[in-house]
Amino acid sequence: MNAVTNLARLRGPGIFAVVAALALVVAPLALEPFRLGLLAKYLCFAIVALGIGLAWGQGGMLTLGQGVFFGLGGYAMGMHLKLVEASSLPSSGSSSGGGPALPDFMVWSGVEELPALWAPFADPVFALAMVVAGPVLIATVLGLLVFRQRVRGAYFAILTQALAAAFVILLVGQQGLTGGTNGLTNFFELFGRDLADDSTQRGLYIVVALVLGVLYLGARQLVNSRFGRLLVAVRDGEDRVRFLGYDPAVVKTIVFAISAGMAGLAGALFVPVVGIISPALLGVVPSLELVVAVAVGGRFALAGAVLGAVVMGYAKTSFSEQFADGWLYLQGALFILVMTLAPKGLVGLAASAREALAARRRPAVPASRTVKEIA
Amino acid sequence: MRNSVWRSGAALAALAIALAACGGEAPANESGAAAGGDDTIKVGILHSLSGTMAISEVTVRDAELLAIEEINKAGGVLGKQLVPVVEDGASDWPTFAEKATKLIRQDKVATTFGGWTSASRKAMLPVFERSKALLWYPVQYEGLESSPYIFYTGATTNQQIIPGLDYLKEQGKKKLFLVGSDYVFPRTANKIIKAYAAANGMEILGEEYTPLGHTEYGTLTNKVVQAKPDAVFNTLNGDSNVAFFKQLKSAGVTAEEMPVLSVSVAEEEVTGIGVDNIAGHPVAWNYYQTTDTPANKKFVEAFKARYGAAKVTSDPMEAGYNAVYLWAEAVKKAGTVEVEAVRKAAGGIALERPEGLVTIDGENQHMYKTARIGIIQPDGLIKEVWNSGEPIKPDPYLKGYPWASGLAAG
């Protein structure tokens with residue numbers, strides 16, 4: 001009984017330590033490379049979900065366009081990898097002669113000179129900086145414009161969704177610049193390491209897990225700080241906060257920019273892990289899928305967002321592997337089930353189970369029964 | 001409180017069942033893999049079974065499964081039965097890459113048949129090249145590619161688009177209007193068409209792209225009608241064709257005065273577009289349900305018997321069906337399913353297929369195919385009016401066409 005109740009009592013740092021140990025030590029040893037790669041992918045989405053949890057769960061900003069920021073980060077990384085690859089393959093684009101070598105899709109799209117937009121991405125430092133700076137900058141400008149005008153609620157959600165749709169149309173239309181619907185793929189190496197190599201993939205997984213862990217701790221710190229309380233106050237009563245002398249627009253913009261930065265970073269990590277970035281990953285549907293994942297996990301807790309992304313990612317993979325024909329129904333059923341039975345998501349479920357347990361233990365219930373129920 | 005306990009319990013139980021269902025069946029897969037060594041050979045089938053491409057790709061999957069059944073019934077390959085492992089690419093390119101990895105690494109399939117859109121092929125290409133595994137890609141495409149680990153059983157540009165242009169030229173059409181969906185195939189195809197037009201004294205009056213899935217064609221139709229071309233070259237894909245042909249018809253355009261030559265509309269799509277809207281317009285492919293060969297009679301009969309009399313057969317389905325037979329033939333010749341041996345054995349294999357004689361070009365792993373132009377009939381089938389007379393050697397980089405020298409930089 002002790003072990004079980006201890007586990008049930010385990011909170012905050014304890015759970016974090018257990019999960020971290022599982023993710024950093026057990027998973028790389030226990031999972032075969034292909035499955036570990038999939039887990040790394042879920043964790044990339046979990047980073048985006050963490051940002052959504054921050055913006056939506058804590059700040060009340062329902063952002064349906066995180067795909068845009070994910071894409072900006074992903075394309076920044078993809079462009080860098082493409083340029084590295086092009087310069088390492090002297091055979092391709094032999095007829096173009098002078099100037100830097102062109103990525104493969106430009107050759108078949110009829111682009112003859114490297115566009116000015118691409119050139120700086122050959123520098124890894126610039127590319128990595130743009131991964132975060134690009135999304136943060138755009139989110140800041142957008143946030144200041146939108147939040148100052150007191151656009152919120154459904155209007156903000158619609159606006160971000162439209163942004164995602166527009167971004168996809170832009171990417172698809174500029175085939176010579178972005179690879180069009182195909183996106184960017186066929187990457188060979190990352191900072192001099194062979195991407196197809198299992199050890200590289202394992203290293204990438206560790207990096208993704210570490211980044212997620214650090215961002216999670218940072219986000220928690222933020223939520224527990226004075227600023228975090230202000231953020232929740234803005235969510236629950238924006239006008240009151242304004243009357244108290246704070247500027248809600250600034251608070252919201254900062255958090256929106258942070259969530260955008262997280263999505264950008266996730267996009268950049270996603271590219272070497274999965275090996276492709278394409279508009280199909282950034283549009284309205286994938287952006288919505290992530291919001292759904294956050295809702296499933298529990299949007300009021302940061303851990304819920306992370307959990308939701310991993311669970312939904314895992315469910316998608318296994319459902320589609322087992323039932324190639326009808327897996328979408330199962331995925332939808334899972335969402336509806338969780339939402340109707342546990343509106344606060346999986347984390348809310350765990351919390352209410354724990355409360356119920358505590359409430360039951362106090363009355364005269366034989367200890368052995370409780371244990372059985374938990375087990 | 002009691003209520004919340006009940007709710008929590010139910011939700012957790014449901015989740016547990018769902019997860020157990022997934023985990024529980026995994027071992028079955030493993031044992032299948034083990035059996036793969038003895039008297040069965042696993043092959044992967046990877047098409048979109050959900051999403052926008054499902055309507056087209058499901059038919060190709062059906063044709064491939066039919067071929068596998070037929071081969072199994074005839075004794076299998078090297079005395080072993082083929083076991084298909086079907087995965088859903090979900091019309092999503094990264095998913096294609098993920099499922100391809102799963103088929104290769106976990107299921108250890110001997111080969112994979114799959115893909116439709118160029119984007120899905122481009123996404124899978126690095127996976128197959130890096131794992132040195134085989135992919136059979138069954139759809140006509142834009143060329144300018146020749147991966148050592150992909151066999152292309154659909155047409156490349158010199159077996160579909162160029163014959164289509166030759167046909168229009170023969171018909172005396174000098175002024176063309178280009179309409180296409182906005183992705184890599186139409187853009188590349190139009191690049192080739194423009195180069196051809198420049199070399200053959202044809203004039204391009206306009207070039208318009210719409211996003212995939214676009215259905216508002218009023219403005220575009222006006223532009224086309226005002227430009228008064230002799231013919232339209234149509235590379236629109238999927239649903240867009242429905243709206244486009246309806247709009248054209250209501251604008252009073254007839255197939256006699258302004259034929260619209262399509263390269264992505266086959267028997268399957270004609271039903272969706274509505275025969276009334278498209279009858280009389282030409283299409284370019286390598287195979288029609290009406291193609292008159294003994295092998296086709298068998299194929300159409302078998303397909304209808306298996307999937308229903310109302311079903312039609314189309315070019316990509318036939319190319320998928322062929323792919324399975326061509327691979328099986330290469331395996332028989334090599335005496336093993338080992339990839340390098342199969343690749344080596346594949347070159348020069350010639351089979352009488354529903355579309356006629358198909359020969360694998362060992363150099364670029366494309367097929368020799370006969371080009372056929374057909375006219376859509378009021379009954380929804382397509383009647384051939386022109387063919388190239390003999391199988392055309394595949395030339396994905398158009399090296400044999402002096403006017404195309406600027407296109408294939410690679």
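Lettering of chains follows the sequences in order, A, B, ..., and the numbering in each one begins at 1.
Neither the backbone nor the side chain of B:P211 comes within less than 4.5 Å of any heavy atom in chain A. Residue A:F187 touches chain B through its backbone alone, counting heavy-atom pairs closer than 4.5 Å. Proximity to chain A is limited to the side chain of B:K191, based on heavy atoms less than 4.5 angstrom apart. Within the 4.5 angstrom heavy-atom criterion, atoms from both the backbone and the side chain of B:T101 approach chain A. Within the 4.5 angstrom heavy-atom criterion, no atom of A:I169 approaches chain B. The part of A:L38 that comes within reach of chain B is its side chain, from C-beta onward, which places non-hydrogen atoms under 4.5 angstrom from that chain.
Comparing A:L328, A:V172, A:L330 by how many heavy-atom pairs each has under 4.5 Å with chain B, the most go to A:V172. Highest contact tally toward chain A, considering only B:G143, B:S131, B:A90, B:A123, is held by B:A123 [criterion: heavy-atom pairs under 4.5 Å].
The aromatic rings of B:H214 and B:Y217 stand perpendicular to each other, their planes meeting at an angle above 60°, with 30° marking the opposite boundary. Relative orientation of the B:W403 and B:Y196 rings is perpendicular, given thresholds of 30° and 60° on the angle between their planes. Using the six-membered ring where Trp is involved, B:Y141 and B:Y152 have ring planes that are parallel, under 30° apart on the 30 and 60° scheme.
Ring centroid separation for the pair B:F96 and B:H47 does not come in under the 6.0 Å cut-off.
By a heavy-atom distance cut of under 4.5 Å, A:S278, A:A280, A:L281 are the residues of residues 277-289 of chain A near chain B, going up by number.
For the residue pair B:N364 and B:Y397, no side-chain donor N or O sits within less than 3.5 Å of a side-chain acceptor on the partner. Looking at B:E142 and B:S118, their side chains do bring a donor and an acceptor atom within 3.5 Å of each other. At a cut-off of 3.5 Å, with distance as the only test, no side-chain donor of A:T200 or A:D194 sits close to an acceptor on the other residue.
Heavy-atom neighbours of A:K344 NZ from other residues, nucleotides or ligands within 6.0 Å: at or below the threshold of 12.
With rounding to the nearest 0.5 Å, the separation of OG1 in A:T317 from CD in A:Q322 is 11.0 Å.
Annotation: cation-pi geometry not satisfied between B:R105 and A:F34 (NZ/CZ under 6.0 angstrom from ring centroid, within 45° of ring axis).
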